[in-house]
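Have a look at the structure below before the remarks.
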Amino acid sequence: MKKVIIIPARYGSSRYKGKPLVKILNREMVLRVADICSKVVNKKDLYIATDNNKISKVVKKAKYKVLMTSSKCLTGTDRVAEAAKKIKSKIYVNVQGDEPTINPNDIKKVINAKIKFPNHVICGYDKIQSGENPSNTNLPKVVVNQKNELIYMSRSLVPGSKKKVKNFIYFKQVCIYAFNKKELSKFYLKKKKSFVEETEDIEILRFFDLDIKIKMIKLNSSSVAVDEFKDVGKAEKILKKKLLNQKKT
């Protein structure tokens, strides 16, 4: 079953302008993500979707494929959907360009889940790690039902409780998604953010209004999304540890 990975990379991020080109251990973050994705699919099936010439030049110099997209894309998934119009595939995987420590095995898990559940949008999630603050609004919190389908996702603390619960385990979104072309087309053709999507600033919530179910796949992720400048140091620390472990083995 043909699968492609598309990495959306926007230069003008409201929280961190120029983020895809920030250096993580002396290599641009978007290239770090592409390097990881190249362990999952062949380079010919790996694309960076961007609206920025600076990003395009860096990506091309590194011998990765670029798809130029509109600067008016509302979200990363809109950018992936626009890029997908130019590519024939059964499965389209969106790996966010700010996840330089993502585990390639987690990407494979999401792809395998899409093969198993072709009529669901697939998204990754994991428990919030001990070094992370559940109250951080940069961490979308996830609530699932017994079928591991998404009930809701919020930047606030969910689920809530009347009682104080000690050592409560919260779950966070891991930004690896898998779609088919029909799902991406429906998302893109909406042409505007849904109310909860706009309110929470979480793009996957648009699928609720499209009546498309979302299957959440539990991952074992120690990855750090680079949402702001201070996250660069956290990502570099994780990468250094991985490189050290590789040398030991």
Side-chain angles (χ1 to χ4, degrees), residues 3-10 12-15 49 51 67 69-87 89-99 110-111 113-126 128 134 136-160 170-219 225 227:
K3 51 194 176 288
V4 298
I5 295 177
I6 303 175
I7 303 167
R10 181 167 70 103
S13 171
S14 57
R15 281 177 286 187
D51 60 346
L67 286 172
T69 51
S70 167
S71 59
K72 295 180 181 179
C73 289
L74 298 174
T75 67
T77 300
D78 288 289
R79 195 172 305 285
V80 168
E82 191 174 293
K85 292 179 182 180
K86 304 170 186 177
I87 310 163
S89 186
K90 286 286 185 182
I91 295 174
Y92 299 86
V93 183
N94 173 355
V95 178
Q96 297 288 71
D98 59 2
E99 294 269 1
V110 169
I111 291 170
K114 184 60 179 171
I115 294 169
K116 188 175 179 181
F117 303 102
N119 297 320
H120 284 70
V121 163
I122 308 296
C123 182
Y125 80 112
D126 194 13
I128 291 177
N136 184 350
T137 55
N138 287 330
L139 286 177
K141 270 67 72 176
V142 169
V143 184
V144 300
N145 63 18
Q146 290 182 334
K147 296 179 181 178
N148 263 32
E149 293 170 345
L150 183 65
I151 296 173
Y152 194 60
M153 195 181 292
S154 179
R155 294 188 181 276
S156 301
L157 282 174
V158 290
Y170 290 97
F171 292 92
K172 65 177 179 178
Q173 180 189 32
V174 179
C175 291
I176 310 169
Y177 313 93
F179 316 97
N180 58 38
K181 183 157 274 188
K182 186 178 179 182
E183 290 158 351
L184 282 174
S185 295
K186 280 189 174 183
F187 186 94
Y188 186 76
L189 289 171
K190 186 83 173 171
K191 294 296 183 186
K192 65 177 183 178
K193 294 184 178 183
S194 69
F195 174 75
V196 288
E197 176 192 4
E198 183 82 59
T199 304
E200 293 278 9
D201 191 22
I202 299 173
E203 62 206 69
I204 201 168
L205 294 175
R206 194 184 308 178
F207 287 105
F208 283 172
D209 282 0
L210 299 172
D211 200 26
I212 294 172
K213 290 185 177 182
I214 303 157
K215 180 75 75 174
M216 302 300 295
I217 303 304
K218 179 72 170 60
L219 306 174
D227 291 302

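The distance from atom CD1 of I7 to atom CD of E99, rounded to the nearest 0.5 Å, is 11.5 Å. Note that the CG atom of L74 and the NZ atom of K193 stand 6.0 Å from one another [nearest 0.5 Å]. Interatomic distance, CD1 of I5 versus CD1 of I91, reported as 11.0 Å (0.5 Å rounding). F117 contributes atom CZ, which lies 6.0 Å from atom CD1 of I217 (distance to the nearest 0.5 angstrom). Of the inter-residue distances, the one linking N138 atom CG with K172 atom NZ reads 12.0 Å to the nearest 0.5 angstrom.
Here the shortest heavy-atom pairing between L205 and V196 reads CD1-O, 3.8 Å. In plain terms, the two heavy atoms of A49 and A83 that are nearest each other are CB-CB, 4.0 Å. Taking all atoms of both residues into account, the shortest heavy-atom contact from S194 to D209 is CB-OD2, 3.0 Å. For the pair M216 and G124, the tightest heavy-atom approach, listed with the atom from each and the gap, is CE-O, 3.6 Å. What you find for D51 and S71 is that their closest heavy atoms are OD2-CA, 3.3 Å. The heavy-atom pair separating Y170 from P159 by the smallest distance is CE2-O, 3.8 Å.
Every residue meeting the side chain to side chain donor-acceptor pair (under 3.5 Å) condition with D126, not counting sequence neighbours, appears here in chain and number order: Q129, K218. Under the rule for a side chain to side chain donor-acceptor pair (under 3.5 Å), E198 has no partner lying at least two apart in sequence or in another chain. With sequence neighbours left out, the side chain to side chain donor-acceptor pair (under 3.5 Å) criterion links Y188 to E82. Applying the side chain to side chain donor-acceptor pair (under 3.5 Å) test to D78 and every residue at least two apart in sequence or in another chain returns T75, R206. Considering only residues two or more places apart in sequence or on other chains, F171 meets the ring pair (Phe, Tyr, Trp, His ring centres under 6.0 Å) condition with Y125.
Side-chain contact check for E203 versus F187: some heavy-atom pair is nearer than 4.5 Å. In this structure, the side chains of I214 and M153 stay at 4.5 Å or more apart for every pair of heavy atoms. Considering only heavy atoms from C-beta on, I128 stays 4.5 Å or farther from N136 through its side chain. The side-chain heavy atoms of L157 and P134, taken from C-beta on, include a pair separated by under 4.5 Å. For the pair L219/I176, a side-chain contact is recorded, criterion being any heavy-atom separation below 4.5 Å from C-beta on.
Partner T77 forms a side-chain contact (heavy atoms from CB on, under 4.5 Å) with one of I204, L184, I6, V121 and no other, that one being L184.
Ring pair Y177/F207: centre-to-centre distance not below 6.0 Å.
In the displayed structure, N145 atom CG is contacted under 6.0 Å by more than 12 heavy atoms of other residues, nucleotides or ligands. Around NZ of K116, the count of heavy atoms belonging to other residues, nucleotides or ligands within 6.0 Å does not exceed 12. In the displayed structure, K90 atom NZ is contacted under 6.0 Å by at most 12 heavy atoms of other residues, nucleotides or ligands.
Remark: side-chain polar atoms of Q173 are not paired, donor with acceptor, to backbone N or O of V142 under 3.5 angstrom. The backbone N or O of K147 lies less than 3.5 Å from a partner atom in the side chain of K215, making a donor-acceptor pair. With hydrogens and angles disregarded, a donor-acceptor distance shorter than 3.5 Å links the side chain of R79 to the backbone of S70.
Applying the salt bridge (Lys or Arg N to Asp or Glu O under 4.0 Å) test to residues at least two apart or on different chains, none of the pairs has a partner in residues 136-145.
Between E183 and K114 there is a salt bridge, since a side-chain N of the basic residue sits under 4.0 Å from a carboxylate O of the acidic one.
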Using the rule given for side chain to side chain contact (heavy atoms under 4.5 Å, CB included), can you reason through L67 versus I87, listing the C-alpha separation, both sets of side-chain angles and the distance that settles it, and then say yes or no? CA-CA 10 Å; L67 286 172; I87 310 163; 3.4 Å; yes

Walk me through whether Y152 and E200 qualify under side chain to side chain contact (heavy atoms under 4.5 Å, CB included). CA-CA 11 Å; Y152 194 60; E200 293 278 9; 2.8 Å; yes

